[in-house]
Amino acid sequence: MKYFFVSTPIYYVNARPHLGHAYSTIVADSIARFHKLAGDTVFFLTGTDEHGDKIVQAAQKAQMDVQRYVDDISSSFQELWPHLEIENDDFIRTTMERHKACVQYVLQKVYDSGDIYFAEYEGLYCYGCERFYTEKELVDGKCPDHQVEPTRIKEKNYFFRMSRYLDALRRHIEEHPEFIQPERYRNEVLAMLREDLGDLCISRPKTRLTWGIDLPFDTDFVTYVWFDALINYISALGYPGDDRFRKFWSGAHHIVAKDILKPHAIFWPTMLMAAGLPLYKGLRVHGYWTVGETKMSKSLGNVVAPLDMAQRYGVAAFRYFLLAEMSFGQDASFTEEALVQRFNADLANDLGNLFSRTLTMTHKYCGGRVPECGELTELDREVLSIGHNALANFQGQFQHFHFSRAVASLWELVRHLNKYIDKSAPWALFKAGETIRLNTVLYVVLEGMRKVALHLWPVMPSLSEAMLEQLGWKWDLAAVDLEGETSSWFGLQPGTPVAASSNLFPRKEVVAAPKPEPKTAAPTKEAVDFEVFSQLDLRVGTVVEALPHPQADRLLLVRLDDGGTEPRQVVAGIAESWKPADLLGRQVVFVANLKPRKLRGQVSQGMILAVKTKDGLALLSPTSPVPPGSVVS
Ligand code: MSP
């Protein structure tokens, strides 16, 4: 029995899931499913990376308590994956106890073996990247990622003696070409190893950052996020004690994009060496998705939301497009037009037509059951040979992460089956009463379709199962013999009923993104003197408690810290848009000098300001946290 372990990066919780995250995770899911089809025992891991400055800053920006913030974003990842038919075996979060314990265990082990030392360091630090930069790495004196000048800091920190393992790592990469693939990234890493990489700073003083895992040997420091995050790959397997680690680690494959090559290709293997652990088996590095020709970024407002795409075009279309379009290792461009075009050409036309015409013919000519296969002619044997080749290529390419090539191989079979139908003209055979020949042709095609559908399971799981069901083939993962599929053509049982028709891939059109609401400015009110306006005392308060109003569904009792000794209660008509829990910790603007009044029996001391939108009420709040009670001027 072979064990196969595959992981995605664990994603930072400072942004909601987007196309890039979806791609890596779909790749991991597909390769996991491929190995399941091949009969391997599989463990597929994904998760979220939740410590460090970046996350604290994002929580502050969202005006949320850090723990609540990370819980919220982490669940948006966990909730998304099933919608994309992603079936991970575990979801690891770096804030989980089981992970923390494992990180501390590894740190202590490496410390005890003498590979962690304490030293003073002065350098240029980028808070965005959470790392020190050398002068050489800066572009015009600025961090190339964040375009800000790094800050010079001098501090004492713990260092991992990475330099001690770099030679051994270089040898390992040279002797194991499969360790880092595609080749261009292997070469990139070998080039990095020719530079003087030195040691790795692995701590952050608590005076600067507390949101992290304590060093077990000095609790004045927390662990550097990368040293913490990389260990997720083994903490999830229950290292050190668990049997899963012993079983799965030797077959471990990590999927990452090119942005995080260095930590995975250099930090992680040297950390494993220092901890006395075997290295992972393979690092598979893919390129970046751009949107059209443009980098995807929040500030450009072109971030592609995977759920929107799956809802607009279907999960199958989305997964198929991503896997077929990107040549693994290179960058690729995403547009909805390209997705639709590919869907219509490959799935609606080639595959969809093959299914609908063949099933219709099977009903018209063979009573809706898989016919008997007679003696094979030269033409049939050509189908079998092209088919077996295409499937063997598909399997070989898929296994090596060449997904676009794998799909292209499979489509050689799909297209050939369509041509074979045209050439054999079953309708003419029917007319001529050549039943045995007619049955043979339809059998050859139906079996080819079954093979295509089965091989598409890693790419589009539920549609593959639906196709197989239409062919009357009972889906049973344990019964699949993937290797056998490339040598025998007789999987379908004659006599099995098949579906009367098929419309699994109706043609698609680009769906226009929902238009922004037309601007509907409310009619302006009569002008007032400044004095009138200045009579209003507008202030900022922090929500410390929020409860449903006992007598009115629309109202909430919101208690605000307004800088005074006691919280101030405001009765707010916001219950339809806001759950009490989502208000906690939020800062809002309120009118502080409104005369108190009773609303359904509860005293309200002020009024919270909000904007009515089509999605409900948006609350007014400062762009960065301010002391409670601050005056709005
Ligand atoms: N938290 C670290 C990873 C730690 S792993 C021990 C991190 N997180 S991240 O949220 O920034 O995710 C980076 C990863 O997201 C990339 O390596 C890639 O898998 C995916 N992508 C993010 N943007 C992408 C594209 N535009 N295109 C393709 N994938 C990209 O780095």
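Counting starts at 1 for both ligands and their atoms, following the listed order.
- At a heavy-atom cutoff of 4.0 Å, ligand 1 is contacted by no atom of Tyr23, backbone or side chain.
- Of all protein heavy atoms, the one lying nearest to atom 31 (O) of ligand 1 is Ile260 CG2, 3.5 Å.
- Look at Trp226 and you'll find a heavy atom under 4.0 Å from some atom of ligand 1.
- A donor-acceptor distance shorter than 3.5 angstrom exists from the side chain of Ser75 to the backbone of Asp71, with no hydrogens or angles considered.
- Under the ring-ring contact (aromatic ring centres under 6.0 Å, His included) criterion, Tyr111 pairs with Phe217, not counting sequence neighbours.
- In this structure, Gly287 is part of the shell of residues with a heavy atom less than 4.0 angstrom from ligand 1.
- Looking at Leu19 against ligand 1, nothing comes within 4.0 Å, counting heavy atoms.
- For Tyr12, a nitrogen or oxygen atom sits less than 3.5 Å from a nitrogen or oxygen atom of ligand 1, counting backbone and side chain alike.
- The proximity of Asp259 to ligand 1, defined as any non-hydrogen pair under 4.0 Å, is limited to the side chain.
- A donor-acceptor contact under 3.5 angstrom links the side chains of Asp115 and Tyr165, judged on distance only.
- Nearest approach of Pro182 to Val285, heavy atoms of both residues: CD-O, 3.2 Å.
- Not one N or O of Ala229 is nearer than 3.5 Å to an N or O of ligand 1, by distance alone.
- Less than 4.0 angstrom separates some heavy atom of Gly20 from each of these atoms of ligand 1: 20 (C), 21 (N), 23 (N), 24 (C), 25 (C), 27 (N), 28 (C), 29 (N), 30 (C).
- The backbone N or O of Pro278 sits less than 3.5 Å from a side-chain atom of Trp249, completing a donor-acceptor pair.
- Residues Tyr313 and Phe321 place their aromatic rings such that the two centres sit no closer than 6.0 Å.
- Taking 4.0 Å as the cut-off between side-chain N and carboxylate O, Asp242 and Arg244 count as a salt-bridged pair.
- Those atoms of ligand 1 with a heavy atom of Ser24 less than 4.0 angstrom away are 18 (C), 19 (O), 20 (C).
- Between Asp53 and Arg204 there is no salt bridge, since no side-chain N of the basic residue sits under 4.0 Å from a carboxylate O of the acidic one.
- Shortest non-hydrogen contact noted between Asn157 and Ser203 is OD1-OG, 2.5 Å.
- Ligand 1 lies less than 4.0 angstrom from a heavy atom belonging to His286.
- Listed by number with element, the atoms of ligand 1 under 4.0 angstrom from any heavy atom of His264 are 5 (S), 6 (C).
- Close N/O approach between Tyr11 and ligand 1 is not found [any backbone or side-chain N/O within under 3.5 Å].
- At least one heavy atom of Tyr288 sits less than 4.0 Å from an atom of ligand 1.
- Looking at every heavy atom in both residues, Lys295 comes nearest to Asn302 through O-ND2, 3.0 Å.
- Near Met296, with a cut-off below 4.0 Å to any heavy atom, the atoms of ligand 1 are 26 (N).
- Distances from ligand 1 to the non-hydrogen atoms of Lys295 include no value under 4.0 Å.
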Output a table of donor-acceptor pairs, distance under 3.5 Å, between side-chain atoms of residues 252-271 and any protein atom two or more places apart or on a different chain; print 'none' if there are none.
{"residue": "His253", "atom": "ND1", "partner": "Gly251", "partner atom": "O", "Å": "3.3"}
{"residue": "His254", "atom": "ND1", "partner": "Ser7", "partner atom": "OG", "Å": "2.8"}
{"residue": "His254", "atom": "NE2", "partner": "Trp268", "partner atom": "NE1", "Å": "3.1"}
{"residue": "Lys258", "atom": "NZ", "partner": "Asp331", "partner atom": "OD1", "Å": "3.0"}
{"residue": "Lys258", "atom": "NZ", "partner": "Asp331", "partner atom": "OD2", "Å": "3.0"}
{"residue": "Asp259", "atom": "OD2", "partner": "Tyr288", "partner atom": "OH", "Å": "3.1"}
{"residue": "His264", "atom": "ND1", "partner": "Ile260", "partner atom": "O", "Å": "3.0"}
{"residue": "His264", "atom": "NE2", "partner": "Tyr233", "partner atom": "OH", "Å": "2.7"}
{"residue": "Thr270", "atom": "OG1", "partner": "Ile266", "partner atom": "O", "Å": "2.7"}
{"residue": "Thr270", "atom": "OG1", "partner": "Phe267", "partner atom": "O", "Å": "2.8"}

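- Contacts of His18 with ligand 1, taken as heavy-atom pairs under 4.0 Å, involve the side chain alone.
- Each of the following atoms of ligand 1 lies closer than 4.0 Å to a heavy atom of Trp289: 25 (C), 26 (N), 27 (N), 28 (C).
- For a threshold of 3.5 Å applied to N or O pairs, the pair formed by Pro9 and ligand 1 contains no separation below that value.
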